[in-house]
Q: 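Provided herewith is a single structure, encoded as structure tokens, for subsequent inquiry.
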Amino acid sequence: MEITIRHLWKTFGKSFHALQDVSLDIHTGMFGLLGPNGAGKSTLMKILSTLEQPSQGEVLIDGTDINTQRKTIRKTLGYLPQFFGVYPQLTGIEFLTYMARLNGVPRKQIEDKVRRGLEQVALTAVAARRVKTYSGGMVRRLGIAQALIGNPALLIVDEPTVGLDPEERIRFRNLLADISREKIIILSTHIVGDISSTCEDLALLSQGQVVYRGHPEQLVEQTRGHVWTVTCTDETFSVVADRMEVISSTARERHRIVRAVGDRIPEYEMQPEEPNLEDAYMWMTKD
């Protein structure tokens, strides 16, 4: 499967461009869409999931135009939005059964698909419990199960790990990685750890534009020579924070140890550091 995006624009009102001339090619596997809040990630996800129409540009999924063949496209995709609503009084089994019917799964196949879906996201043990008793991580996994119930070739997940504890976040990322062997999964997030742990291909959006496309390691390499550790007082810290992006600051009794991204300040003693993806993210979106 292949997604082709060419010169995509989305404009709200007369002048606000949520997306500006976005062009991407996406293939089978896990694709990361990284960027700060307001970068245009959710807008792009809504267009790909047929919930929004672009103002200009073209989106093809396996050669099928998303603007003219929306019903056909919807049969091939599953979608987990950032804010996933459930029916709290239903059990896990009842909820997935309901979603299977909405997705047009043949009646004879529903029971088997629901059982397999619950197994796939490790919810079999709580399948008979009402959804209102589920933890946040369980609800997100139930969301993946409903998105997969029609066996889509394309799965879109928008900010899937927001609000999850570290253990649930790791479990969720591992689940997506397993699924991505046979599908395109587009993972939209502003959490750098979700991308670095699962994706070998990513696009970085900032202010509606693609500012980087490629492998995470290549993005990190572009930041080399711009990551520093500096020891400063409270007074000099304000200067560093004004001229650079502060990644971390550790307070000592009479000074601070600061990790920052930016151009070196000549009048300060600064030690170069090995960059990571978080540093690269801050460097590429600093403007």
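Residues take their numbers from the sequence shown, with the count starting at 1.
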Q: Got a second to check how far Met244's CE is from His226's NE2, nearest 0.5 Å?
A: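 Reported to 0.5 Å precision, the distance equals 10.0 Å.
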Q: What are the two closest non-hydrogen atoms of Met284 and Leu219, and how far apart are they?
A: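 For Met284 versus Leu219, the nearest heavy atoms are CG-CD1, 3.5 Å.
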Q: Would you give the length of the straight line joining atom CG of Leu155 to atom CG of Leu80, rounded to the nearest 0.5 angstrom?
A: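 CG of Leu80 is found 7.5 Å from CG of Leu155.
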Q: Taking the side chain as every heavy atom from C-beta outward, state whether Ser135 and Glu168 have any atom pair closer than 4.5 Å.
A: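 Yes, their side chains come closer than 4.5 Å.
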Q: Report, as yes or no, whether the 6.0 Å neighbourhood of atom CZ on Arg116 holds more than 12 heavy atoms from other residues, nucleotides or ligands.
A: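 No, because the 6.0 Å sphere around CZ of Arg116 holds 12 heavy atoms or fewer from other groups.
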Q: Quick one: CG on Leu187 to CG on Leu202, what's the gap to the nearest 0.5 Å?
A: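 Answer for the CG-CG pair, Leu187 versus Leu202, is 10.5 Å.
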Q: Assess the side chains of His7 and Glu58: does a donor N or O sit below 3.5 Å from an acceptor N or O?
A: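 No, no side-chain donor-acceptor contact under 3.5 Å.
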Q: Is it the case that atom CD in Gln222 sees more than 12 heavy atoms from other parts of the structure closer than 6.0 Å?
A: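 Yes, CD of Gln222 has more than 12 neighbouring heavy atoms, counting only those of other groups under 6.0 Å.
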Q: Does Tyr134 have Lys132 sitting over its ring (NZ/CZ under 6.0 Å from centre, angle to axis within 45°)?
A: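 Verdict for Tyr134: no cation-pi partner in Lys132.
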Q: Give a yes or no on whether Glu2 atom CD has more than 12 heavy-atom contacts from other residues, nucleotides or ligands under 6.0 Å away.
A: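 More than 12 within 6.0 Å, yes.
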Q: Which atom pair, heavy atoms only, marks the closest approach of Gly193 to Ser196?
A: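 Between these two residues, the closest heavy atoms are O-OG, 3.3 Å.
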Q: Does a sphere of radius 6.0 Å around CD in Glu167 hold more than 12 heavy atoms from other residues, nucleotides or ligands, not counting ones at 6.0 Å or beyond?
A: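 No, not enclosed.
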Q: Under the side-chain hydrogen bond (donor to acceptor under 3.5 Å, both in side chains) criterion, do Glu273 and Thr229 qualify, and how do the steps go?
A: CA-CA 7 Å; Glu273 294 291 340; Thr229 293; 2.8 Å; yes
Q: Ring-plane angle category for Tyr87 and Phe95, please: parallel below 30°, perpendicular beyond 60°, tilted otherwise.
A: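 Rings of Tyr87 and Phe95: tilted, 30 to 60°.
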Q: Atom CG of Leu175 and atom CZ of Arg173: how far apart are they, to the nearest 0.5 Å?
A: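 So the CG of Leu175 and the CZ of Arg173 are separated by 12.5 Å.
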Q: As a quick check of understanding, evaluate side-chain hydrogen bond (donor to acceptor under 3.5 Å, both in side chains) for Asp279 and Thr223, giving each step before the final call.
A: CA-CA 7 Å; Asp279 300 325; Thr223 316; over 6 Å; no
Q: Can you find a pair of side-chain heavy atoms, one from Asp201 and one from Arg213, that are under 4.5 Å apart?
A: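 Answer yes - side chains close enough.
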Q: Decide yes or no for Glu52 and Thr43: does some side-chain heavy atom of the first lie under 4.5 Å from some side-chain heavy atom of the second?
A: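 They are not in contact (no side-chain heavy atoms under 4.5 Å apart), so the answer is no.
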Q: Mind listing the closest non-hydrogen atom pair of Phe237 and Ser249 along with its distance?
A: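 The answer is CE1-OG, 3.9 Å.
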Q: If the threshold is 4.0 Å, N to carboxylate O, is there a salt bridge linking Arg169 and Asp165?
A: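 Looking at Arg169 and Asp165, the cut-off is not met.
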Q: Mark yes when over 12 heavy atoms from residues, nucleotides or ligands other than Glu217 sit less than 6.0 Å from its CD; otherwise mark no.
A: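 It does not: Glu217 CD has 12 such atoms or fewer within range.
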Q: Within a strict 4.5 Å, meaning less than it, do heavy atoms of the Ile3 and Ile5 side chains meet?
A: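 A side-chain contact exists here, since the closest heavy-atom pair is under 4.5 Å.
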Q: Applying a strict under-4.5 Å side-chain criterion to I, L, V, M, F, W and Y, I'd like to know whether Ile257 and Ile247 cluster together.
A: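 Shared cluster, no.
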Q: Out of curiosity, Thr28 OG1 to Ile184 CD1, how far, rounded to the nearest 0.5 Å?
A: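 With rounding to 0.5 Å, OG1 (Thr28) is 5.0 Å from CD1 (Ile184).
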Q: For Lys113 and Asn103: C-alpha separation, side-chain torsions, deciding distance, then whether side-chain hydrogen bond (donor to acceptor under 3.5 Å, both in side chains) applies.
A: CA-CA 12 Å; Lys113 283 188 175 290; Asn103 277 273; over 6 Å; no
Q: Drop me the distance from Ile149's CD1 to Ile144's CD1, to the nearest 0.5 angstrom.
A: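 Going from the CD1 atom of Ile149 to the CD1 atom of Ile144 covers 12.5 Å.
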Q: Can you tell if the side chain of Leu148 reaches within under 4.5 Å of the side chain of Gln120, non-hydrogen atoms only?
A: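 A side-chain contact under 4.5 Å exists here.
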Q: Report yes if the side chains of His17 and Phe12 come closer than 4.5 Å at any heavy-atom pair, otherwise no.
A: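 His17 vs Phe12: side chains apart.
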Q: Between Glu111 and Arg115, does any side-chain N to carboxylate O distance fall below 4.0 Å?
A: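 No, this pair does not count.
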Q: Given Arg224 and Glu274, is the salt bridge (charged side-chain N to carboxylate O under 4.0 Å, His left out) satisfied, shown in steps?
A: CA-CA 7 Å; Arg224 190 172 301 281; Glu274 190 72 16; 2.9 Å; yes
Q: Side chains of Ile47 and Leu8: closer than 4.5 Å at any heavy-atom pair?
A: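 Yes. Closest side-chain heavy atoms under 4.5 Å.
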Q: Thr189 versus Leu33: any side-chain heavy-atom pair under 4.5 Å?
A: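 Result no, sub-4.5 Å side-chain heavy-atom pair not found.
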